[in-house]
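This report concerns only the one structure given below.
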Amino acid sequence: GMAALENGNPAQAADAFRCALALDPLFASAHYGLGCALIALGSGRSALDSMLRAVELQHNHVAALFYAGKLHAELGQIEEARDCFNLALTFDPLSSASRIALANLLAASEGNDAAIALLREAVVAGVADADVCCSLADRLDQSGSTQEAIDVYRTAIDAYPEYPASLVKL
């Protein structure tokens, strides 16, 4: 299934995952894979059901939690999205995708200051990678804290020399 998905054939992938689930309906990774295929097919509601089933079967499935959060957010289910992202971060505090998605959700629902606080907390706690640092710097720059944004960008460049400097706005 994943090979078909990676090769750009989500319908074939969905069929493969459904076959796997017919053999073993408790196979969390097959529910996750089906959810990914359904996302690619534009079936968000069904994809959410698959992601939630994967989480039900494997409660620490961080990728399924992340996509469930994104799908909840797309459906306007803000609290459910927040819960998914927070749970993903509980199981994997280094998940930059979950942290940035939660920051985006907070920015939309509570304002940029809430997103900045979340991202800043990760930087201070030492669980932020270059993507999180740059997301924080972008938000600081948008809020008018240009010098602090520059300092965070520089910190990211110093801490993550492998990070493409061309992606960092100085």
Side-chain angles (χ1 to χ4, degrees), residues 1-2 4-6 8-140 142-143:
M2 287 309 264
L5 194 56
E6 290 168 3
N9 193 338
Q12 182 182 358
D15 289 342
F17 289 120
R18 286 186 182 107
C19 286
L21 290 168
L23 296 173
D24 182 2
L26 302 179
F27 187 20
S29 292
H31 285 283
Y32 168 76
L34 177 58
C36 290
L38 292 170
I39 289 170
L41 291 169
S43 299
R45 175 65 75 183
S46 295
L48 176 59
D49 292 341
S50 292
M51 293 300 176
L52 292 175
R53 182 67 175 135
V55 171
E56 182 181 317
L57 294 169
Q58 184 183 338
H59 68 281
N60 64 345
H61 198 304
V62 174
L65 284 163
F66 169 75
Y67 282 110
K70 289 193 64 92
L71 291 162
H72 275 304
E74 287 174 13
L75 293 170
Q77 300 167 346
I78 304 306
E79 288 305 313
E80 292 87 346
R82 183 184 312 207
D83 291 346
C84 286
F85 294 136
N86 278 323
L87 195 53
L89 288 168
T90 298
F91 293 119
D92 182 5
L94 300 177
S95 173
S96 60
S98 295
R99 190 168 310 280
I100 291 168
L102 180 56
N104 292 339
L105 185 72
L106 289 174
S109 63
E110 298 176 24
N112 206 32
D113 288 345
I116 288 171
L118 174 79
L119 296 169
R120 186 179 280 135
E121 176 183 299
V123 170
V124 170
V127 294
D129 65 2
D131 291 330
V132 171
C133 290
C134 288
S135 182
L136 171 59
D138 288 345
R139 292 200 174 279
L140 288 166
Q142 292 166 7
S143 71

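Starting from 1, each residue takes its place in the sequence as its number.
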Side chain to side chain, L38 and M51, heavy atoms closer than 4.5 Å: no

Validation row: D83, L87 side chains within 4.5 angstrom (heavy atoms): no

Got a sec, which residues hit salt bridge (Lys or Arg N to Asp or Glu O under 4.0 Å) with E110, two or more places apart in sequence or on another chain? R82

Can you name the closest pair of heavy atoms from Y32 and M2 and give their distance? CE2-CE, 4.5 Å

Can you see which heavy atom on A115 is nearest to which on L106, and at what distance? N-CB, 4.2 Å

Does V132 form a side chain to side chain contact (heavy atoms under 4.5 Å, CB included) with L136? I'd like the steps, not just the answer. CA-CA 6 Å; V132 171; L136 171 59; 5.6 Å; no

Taking atom CG of L34 and atom CG of D15, what is their separation to the nearest 0.5 Å? 9.5 Å

Value for CZ (R99) from CG (N86), rounded to nearest 0.5 Å, stands at 9.0 Å

Sorted by chain and residue number, the side chain to side chain donor-acceptor pair (under 3.5 Å) partners of D92 (sequence neighbours excluded) come out as none

Once you measure the plane-to-plane angle for F85 and F66, does it fall in the parallel (<30°), tilted (30-60°) or perpendicular (>60°) bin? tilted

Tell me yes or no: between the side chains of D129 and S96, is some donor less than 3.5 Å from an acceptor? yes

Walk me through it: do L71 and I39 pass the test side chain to side chain contact (heavy atoms under 4.5 Å, CB included)? CA-CA 9 Å; L71 291 162; I39 289 170; 4.1 Å; yes

